[in-house]
Amino acid sequence: MNSIDSIKALPDLQTISASAAEALAVLANNAISERGRFTLALSGGETPRTLYEILARVYHDTIDWQRVHLYWSDERYVPHDDPASNYRMAREMLIDPLPIPATNVHAIPTSFINPEDAALAYSKELLPAMPLDLILLGLGEDGHTASLFPGTFDPEDYRLVIVTHSPKPPPVRISMTVRAINEARNVFFLVSGGEKREIL
């Protein structure tokens, strides 16, 4: 397990998002300078929406988005145009407003009949990019992150991507594993709301 370098307590979601965007931009520019690209795994839910909006608006011209590759930490097993899709939210808030090449957008597939096949396909796509430069994660009130719900997965699972099941709809999810998360160069948890203080 990676160590926790720091916890920042900030007054509101806007400030959290602005701080995360600034730190992300530094990581992106350093990675592009050192390795020629920046690999970023996005999270879903409502918390990162403001971050994506800030990145698209404030950092449009200060990050070389042509060299950014996007992945997802997890996805609901719904079509990409479904309102519940993590991909759809990221596309609307981040991808469409920025000059990110379509070949750099590595969405989790959700068109397979069997979600296990989708998880395997995404593992194969993710493997050459490991370790990712940055994974964005949230935290649920029940302690779940990505789509790793307490008591429903093996933290020692050697795979990179697995099928999980959520207690809330939509139930079927595809998620990076603890292994994939821990191997990343950096991980940001964006946590908003006083009700999550105890679980954090």
Side-chain angles (χ1 to χ4, degrees), residues 2 4-28 38-60 63 68 70-78 80 82-98 100 105-108 110 132-150 152-153 164-178 180-182 184-200:
N2 293 339
I4 297 175
D5 292 330
S6 66
I7 296 177
K8 290 184 179 179
L10 299 169
D12 52 45
L13 181 58
Q14 186 71 28
T15 310
I16 292 170
S17 302
S19 177
E22 182 179 12
L24 185 153
V26 171
L27 291 177
F38 176 60
T39 52
L40 169 65
L42 304 175
S43 62
E46 287 302 309
T47 301
R49 182 182 292 269
T50 304
L51 168 62
Y52 299 162
E53 188 273 330
I54 291 172
L55 287 170
R57 179 172 46 84
V58 179
Y59 294 89
H60 187 283
I63 294 173
V68 174
L70 298 179
Y71 296 83
W72 273 258
S73 61
D74 69 313
E75 181 59 278
R76 291 123 178 207
Y77 210 66
V78 297
H80 283 164
D82 190 285
S85 169
N86 291 340
Y87 166 82
R88 175 177 169 168
M89 188 272 281
R91 188 196 73 221
E92 292 173 350
M93 302 303 298
L94 185 68
I95 298 167
D96 286 351
L98 291 170
I100 302 174
V105 178
H106 309 272
I108 294 175
T110 58
L132 296 177
D133 291 311
L134 174 61
I135 297 179
L136 300 175
L137 294 172
L139 185 67
E141 294 176 38
D142 59 359
H144 84 270
T145 192
S147 283
L148 300 174
F149 296 90
T152 66
F153 69 97
T164 67
H165 298 277
S166 167
K168 298 179 180 179
V172 180
R173 311 285 177 98
I174 305 290
S175 180
M176 287 186 184
T177 60
V178 172
I181 293 168
N182 280 347
R185 290 186 173 94
N186 300 276
V187 178
F188 288 178
F189 281 89
L190 304 179
V191 184
S192 177
E195 70 279 2
K196 297 179 183 178
R197 181 182 298 274
E198 183 175 351
I199 196 69
L200 176 63

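A quick note: this is a predicted structure, and the numbers were derived from the prediction, not measured.
When the side chain to side chain donor-acceptor pair (under 3.5 Å) test is applied to Ser19, no partner is found at least two apart in sequence or on another chain. In this structure Ser147 satisfies the side-chain contact (heavy atoms from CB on, under 4.5 Å) test together with Asp74, Phe149, Thr164, Arg173, Ser175, sequence neighbours excluded.
Note that OH of Tyr71 and CG of Leu42 are 11.5 Å apart. Values are rounded to the nearest 0.5 Å. Note that CZ of Arg49 and CG of Leu190 are 14.0 Å apart. Values are rounded to the nearest 0.5 Å. Note that the NZ atom of Lys8 and the CD1 atom of Ile16 stand 11.5 Å from one another [nearest 0.5 Å]. Here the NE2 atom belonging to His144 is positioned 8.0 Å from the CG atom belonging to Leu139, to the nearest 0.5 angstrom. A distance of 6.0 Å separates CG of Leu24 from CZ of Phe188, quoted to the nearest 0.5 Å. Between Leu148 atom CG and Ser73 atom OG the span is 9.0 Å, to the nearest 0.5 Å.
Put simply, the side chain of Thr39 gets close to the backbone of Asp133: a donor and an acceptor are under 3.5 Å apart. Between the side chain of Glu75 and the backbone N or O of Asn86 there is at least one donor-acceptor pair closer than 3.5 Å.
At least one side-chain heavy atom of Leu13 sits under 4.5 Å from a side-chain heavy atom of Thr47. No side-chain heavy atom of Ile174 sits less than 4.5 Å from a side-chain heavy atom of Thr110. Counting heavy atoms from C-beta outward, Tyr52 and Ser43 have side chains that approach closer than 4.5 Å.
Between Ser166 and Pro170 the shortest heavy-atom distance is CB-O, 4.0 Å. Nearest approach of Ile108 to His80, heavy atoms of both residues: O-NE2, 2.8 Å. Taking every heavy atom of both residues into account, Asp142 and Pro150 meet most closely at O-CG, 3.2 Å. Here the closest heavy-atom approach between residue Ala21 and residue Ile54 is recorded as CB-CG2, 3.8 Å. The shortest non-hydrogen separation linking Ile63 to Ala28 is CG2-CB, 4.2 Å. Considering all non-hydrogen atoms of both residues, Ala41 and Leu132 come closest at CB-CD1, 3.8 Å.
Relative orientation of the Tyr87 and Trp72 rings is tilted, given thresholds of 30° and 60° on the angle between their planes.
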Return all side-chain donor-acceptor pairs below 3.5 angstrom for residues 88-98, not counting sequence neighbours, or 'none' if the list is empty.
from, atom 1, to, atom 2, distance (Å)
Arg88, NE, Glu92, OE2, 2.9
Arg88, NH1, Asp81, O, 2.6

> Should Leu70 and His106 be marked as a side chain to side chain contact (heavy atoms under 4.5 Å, CB included) after you check the CA-CA gap, both sets of side-chain angles, and the distance that decides it?
Replying inline: CA-CA 6 Å; Leu70 298 179; His106 309 272; 5.7 Å; no

